[in-house]
Q: 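Starting off with a structure, shown below.
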Amino acid sequence: MSEASLSQPLGVFGGTFDPVHFGHLRLAEAAADSLGLAAVRWIPAGSPVLREAPHVDAKQRLEMVRLAIAANSRFELDSSEIEAAQPSYTVPTLERLRQPEECGAQRPLVLLVGADAFSGLTSWHRWESLLDLAHIAVAHRPSYPVEADSLPAPLSSLFRQRYCANTAELTASPGGRIACFSMTQLDISATRIRHLLSTGESARYLLPDAVISYIQNHHFYLEN
Ligand code: ATP
């Protein structure tokens, strides 16, 4: 990667990816284009704390993401949360990315979240520190409006204070702002895909064929 692109914003995209699907891929692609990101770093969660245990082992969810993003030169894979022994929390992950041997203190980092994940932000571990470390960019997701009035009180006031309508502002500082971006609305969820697979229905065209083959070869998601 060139010197110039190492100072451009880096997207940071975490998730359970159980399994990864076209909603995730489209979110990352739309973010890279509309926010001017040099790259998007995908960070699958090892042991997510705020939800039920994943249905598939961490290393295999990592492998599914590897297959899904392989053809996209703007996408990078980060296995640090999968390899860590501790539960996965975003603030320590961002603190690691801020180390000099990673991105350092100055490079803009943009944490990418869907609108549903954003509305639950106040339940995240040390959530108040997120904007000290990165910007947050929220992707619209079907059925989840992003409006200050519909957010929980502490998040609503933060949203009003930190919102920037012009996403070019994300390149002007290492973090601290909240932006929204639009993406082609895809009403796809991993929950729905797991349900389809558990009932023997096809999940084709909801996720990449290479990921479907991997799922079939390993007999994943046969039970709900
Ligand atoms: P599940 O159905 O198991 O809860 P999911 O499909 O929501 O999973 P996650 O791995 O939990 O997938 O999501 C990772 C991130 O991707 C979250 O920020 C989530 O909001 C976002 N996301 C997932 N699917 C979509 C979609 N179809 N459109 C926009 N954002 C999405």
Side-chain angles (χ1 to χ4, degrees), residues 11-35 37 40-69 72 75 77-79 81-82 87-91 93-94 109-125 127 130 134-146 150-151 155 159 178-199 203 205-208 211-212 215 220-221 223-224:
V12 178
F13 187 31
T16 312
F17 306 126
D18 187 21
V20 60
H21 55 68
F22 284 133
H24 300 130
L25 288 156
R26 193 58 220 166
L27 180 155
E29 184 73 357
D33 274 349
S34 59
L35 308 176
L37 306 176
V40 173
R41 186 167 302 190
W42 292 63
I43 312 185
S47 333
V49 192
L50 296 172
R51 48 183 297 153
E52 59 170 334
H55 295 70
V56 163
D57 176 72
K59 291 233 158 62
Q60 293 169 320
R61 286 183 288 107
L62 180 75
E63 191 52 31
M64 290 192 277
V65 175
R66 191 190 310 282
L67 290 168
I69 70 175
N72 192 322
F75 291 171
L77 188 58
D78 184 325
S79 59
E81 286 195 8
I82 295 273
S88 302
Y89 294 115
T90 303
V91 166
T93 295
L94 293 172
L109 294 179
V110 185
L111 181 66
L112 307 176
V113 291
D116 58 312
F118 182 67
S119 65
L121 206 72
T122 55
S123 58
W124 292 20
H125 176 63
W127 73 276
L130 288 165
H135 302 292
I136 299 176
V138 188
H140 294 291
R141 187 170 185 182
S143 313
Y144 296 96
V146 190
S150 54
L151 295 169
L155 188 58
F159 185 74
I178 301 173
C180 293
F181 64 100
S182 52
M183 58 177 279
T184 306
Q185 298 287 281
L186 296 171
D187 197 0
I188 302 175
S189 71
T191 303
R192 176 79 185 132
I193 291 171
R194 292 194 301 270
H195 176 75
L196 289 172
L197 296 171
S198 72
T199 55
Y205 312 122
L206 299 176
L207 67 172
V211 178
I212 296 182
I215 289 171
F220 293 152
Y221 308 120
E223 286 170 23
N224 214 350

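Remember, it's 1-based here, ligands and their atoms both numbered in the order they're listed. Just so it is clear, the model here is predicted, and its values are computed rather than measured. When a residue number appears, it is its place in the shown sequence, counting from 1.
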Q: Could you check Thr90 against Trp127 for side chain to side chain contact (heavy atoms under 4.5 Å, CB included), going step by step and ending with a plain yes or no?
A: CA-CA 9 Å; Thr90 303; Trp127 73 276; over 6 Å; no
Q: Starting at SG of Cys180, measure out to CD1 of Ile136 and round the result to the nearest 0.5 Å.
A: 10.5 Å
Q: Using modelled atom types and a 3.5 Å cut-off, is there a donor and acceptor pairing between side-chain atoms of Arg194 and backbone atoms of Pro19?
A: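 No, because the side chain of Arg194 does not come within donor-acceptor range (under 3.5 Å) of the backbone of Pro19.
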Q: As a test of understanding, state which of Ile212, Leu196, Val211 forms a side chain to side chain contact (heavy atoms under 4.5 Å, CB included) with Leu206.
A: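 With Leu206 as partner, Ile212, Leu196, Val211 yield a single side chain to side chain contact (heavy atoms under 4.5 Å, CB included), made by Leu196.
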Q: Taking any residue with a non-hydrogen atom under 4.0 angstrom from an atom of ligand 1, which ones do you get?
A: Phe13, Gly14, Gly15, Thr16, Phe17, His21, Gly23, His24, Leu27, Arg51, Val113, Gly114, Asp116, Ala117, Arg141, Met183, Leu186, Ile188, Ser189, Ala190, Thr191, Arg194
Q: Indicate yes or no: does Glu29 engage Arg26 in a salt bridge with an N to O separation below 4.0 Å.
A: no
Q: List the steps and the verdict of side chain to side chain contact (heavy atoms under 4.5 Å, CB included) for Leu25 and Trp42.
A: CA-CA 10 Å; Leu25 288 156; Trp42 292 63; 3.8 Å; yes
